[in-house]
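All heavy atoms count here, side chains included; hydrogens, waters and symmetry mates do not. Just so it is clear: chains get the letters A, B, ... in the order the sequence lines come, proteins before strands, and each one is counted from 1.
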Amino acid sequence: MSDASCDLLRNGFSEPLPRAFYARSATIVAPELLNCILVSASPDGLTAGRVVETEAYTQDDAASHCFRGRTPRNRVMFGTAGHAYVYFTYGMHYCLNAVTGTEGQGEAVLIRAIEPLMGTELMFSRRGLSVERLPIEKRSATRAKRLLGAGPAVLCRSLGISASHNGADLTEPGSLWICAVDVENEFASGGGLTVVTTTRIGITKAVELKRRFLIAADPYISRKI
DNA sequence: ATCTCGATAGTCT
DNA sequence: GACTATCGAGATC
């Protein structure tokens, strides 16, 4: 087991979610990923956050990268569940998905927002920000942390996620993985999580589908409902 | 608070 | 050649 994983266990995090967790429909997995912990381990340090917003993309969904079949770009989405599908968009941003479903089926869950929990200093530096230089109105803990996790491309930048993470196995504590939260965890909300389901953001097709999932009233979601 | 717009390059038609 | 599962700045209310 890696040092990073040992550190996490000491911090109260559980083992990575198993492949069976991901090997179900994206619409089932997406809400269940809420409140789980996304961890990134790189040579410059460990960063982690609590997932507060996700979106499901299935193959029969006109908004999905897989809607028109397999291409070099989306091949990971058709592969084994529990791997990371990282894509580049708008000429400058990366976004992270967890591949779901069965092999040969193109589907995944987009991670849209996290609450930063560990390594926030490193996250700020990856974003080219420093708390001291923030405008006064953004210096509160919540406002500052929103700058690190409120958005799919923003969280990738904070966690150091880029093309090299495409295909990474999320079920092993390697470079990128996701854990459930222990009940005893200091970060646990204490159960009773209320999940809100709404339409997705930033798409022009299948806009009516309610496949965006977020934790009710969480201050770290990318946009209000 | 909410809107509009530009940046910027990979992907697919 | 058009589009993009985005972001942040600047304008306006």
Hydrophobic cluster membership, Leu159(A) vs Leu170(A), 4.5 Å side-chain cutoff: yes

Same apolar cluster (I L V M F W Y, side chains within < 4.5 Å links), Val195(A)/Leu214(A): yes

Atom CZ of Arg157(A): over 12 foreign heavy atoms under 6.0 Å: no

Span of DNA chain B, from the first to the last nucleotide whose atoms fall under 4.0 Å of chain A heavy atoms: dA7(B) to dT13(B)

Modelled atom types, side-chain donor and acceptor of Ser64(A) and Arg211(A), under 3.5 Å: no

Transitive ILVMFWY side-chain link Val181(A) to Met118(A), under 4.5 Å: yes

Reported CG-to-OG1 distance for the pair Leu34(A) and Thr194(A), which is rounded to 0.5 angstrom: 11.0 Å

Over 12 foreign heavy atoms within 6.0 Å of CZ, Arg68(A): no

Parallel, tilted or perpendicular: rings of Tyr85(A) and His65(A) (30°, 60°): perpendicular

Intra- and inter-strand pairs of DNA chain B in dot-bracket (Watson-Crick or G-U wobble, both distances under 3.5 Å; | for another strand): |||||||.||||.

Distance under 6.0 Å and angle within 45° of ring axis: Arg133(A) vs Phe124(A): no

Per-nucleotide protein contact string for nucleotides 3-13 of chain C, where B marks a base within reach and S marks sugar-phosphate only (heavy atoms under 4.0 Å, - for neither): -BBBSS-----

Exercise: do Thr100(A) and Glu107(A) side chains pair donor with acceptor under 3.5 Å: yes

